[in-house]
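The shown structure was predicted, so the numbers you read here are calculated from the model rather than taken from an experiment. Only this structure's heavy atoms are used, side chains among them; waters, hydrogens and symmetry mates stay out.
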Amino acid sequence: KREENEALQKDLGKAESAFADALSEKERDNHALRNDLDEAKRELASLESKMNEAVASYESAMVEAKSAMTTKREENEALQKEMGEVESAEAKMLETHEVK
């Protein structure tokens with residue numbers, strides 16, 4: 001009976017040791033996973049920040065492009081008006097010249 005009890009205690013000790021080892025390994029794995037998760041969260045935050053900067057830059061560029069297009073349109077309209085005035089002046093000069 002005593003030998004049986006000692007054998008059982010020895011087996012129990014081995015089982016407790018194996019459990020402690022397994023638990024320790026799981027805790028290390030858990031810690032590593034938390035570190036990976038924290039790193040992934042930091043990387044995601046960085047990507048979100050860069051994406052927000054890119055969106056802001058794109059929006060700014062679009063505003064600048066619209067402004068430039070408006071300016072060019074106004075310049076073209078002014079040139080067309082000037083060309084019309086020049087053509088009108090030329091026509092008047094030709095009429096005046098032909099009349100003489």
Side-chain angles (χ1 to χ4, degrees):
K1 192 93 171 160
R2 188 174 181 184
E3 290 174 5
E4 233 178 85
N5 193 17
E6 287 175 0
L8 285 174
Q9 288 217 341
K10 191 176 181 183
D11 289 345
L12 179 61
K14 286 180 184 178
E16 286 175 343
S17 178
F19 178 77
D21 290 346
L23 182 61
S24 178
E25 184 178 340
K26 290 297 177 193
E27 287 174 347
R28 283 192 303 273
D29 290 348
N30 192 24
H31 183 71
L33 287 172
R34 282 192 179 142
N35 286 342
D36 290 347
L37 180 60
D38 288 343
E39 184 178 342
K41 285 179 181 178
R42 284 190 299 274
E43 288 177 13
L44 178 60
S46 175
L47 287 172
E48 286 175 332
S49 175
K50 289 176 182 176
M51 183 181 73
N52 289 337
E53 288 175 16
V55 168
S57 177
Y58 169 79
E59 289 173 348
S60 175
M62 290 303 294
V63 167
E64 288 179 31
K66 270 187 174 179
S67 176
M69 286 175 60
T70 299
T71 300
K72 285 295 179 188
R73 189 177 304 117
E74 290 169 355
E75 289 173 359
N76 285 342
E77 289 171 0
L79 285 173
Q80 286 177 349
K81 183 178 176 185
E82 284 181 33
M83 286 296 294
E85 291 170 0
V86 167
E87 289 172 354
S88 177
E90 284 178 345
K92 284 182 183 176
M93 282 177 45
L94 287 174
E95 280 179 25
T96 305
H97 192 284
E98 288 177 5
V99 170
K100 290 182 179 181

Rounded to the nearest 0.5 angstrom, the CD-NZ distance for E43 and K50 is 9.5 Å

Has T96 got a side-chain atom pairing as donor or acceptor with K92's backbone, closer than 3.5 angstrom?
yes

Between E6 and R2, does any side-chain N to carboxylate O distance fall below 4.0 Å?
yes

How far does CG of L37 sit from CZ of R42, to the nearest 0.5 angstrom?
9.5 Å

Qualifying residue, where the test is side-chain hydrogen bond (donor to acceptor under 3.5 Å, both in side chains) with S24 and the options are K26, R28, E27:
R28

Distance from K72 atom NZ to L79 atom CG, nearest 0.5 Å?
9.5 Å

When rounded to the nearest 0.5 angstrom, what distance separates CD in Q9 from CG in L12?
7.0 Å

Can you check side-chain contact (heavy atoms from CB on, under 4.5 Å) on M51 and L47, steps first, answer last?
CA-CA 6 Å; M51 183 181 73; L47 287 172; over 6 Å; no

Using 0.5 Å steps for rounding, measure from the CD atom of E82 to the CD atom of E87.
12.0 Å

Is there a side-chain contact between M93 and E90 in this structure, where contact means two heavy atoms from C-beta onward sitting under 4.5 Å apart?
no

Check: T70 side chain, K66 main-chain N or O, donor-acceptor pair, under 3.5 Å
yes

Are any of the side-chain nitrogens in K1 or E4 under 4.0 Å away from the carboxylate oxygens of its partner?
no

If you round to the nearest 0.5 Å, how far is CG of D36 from NE2 of H31?
10.0 Å

Within the structure provided, determine whether E25 and D21 are in side-chain contact (heavy-atom separation under 4.5 Å).
no

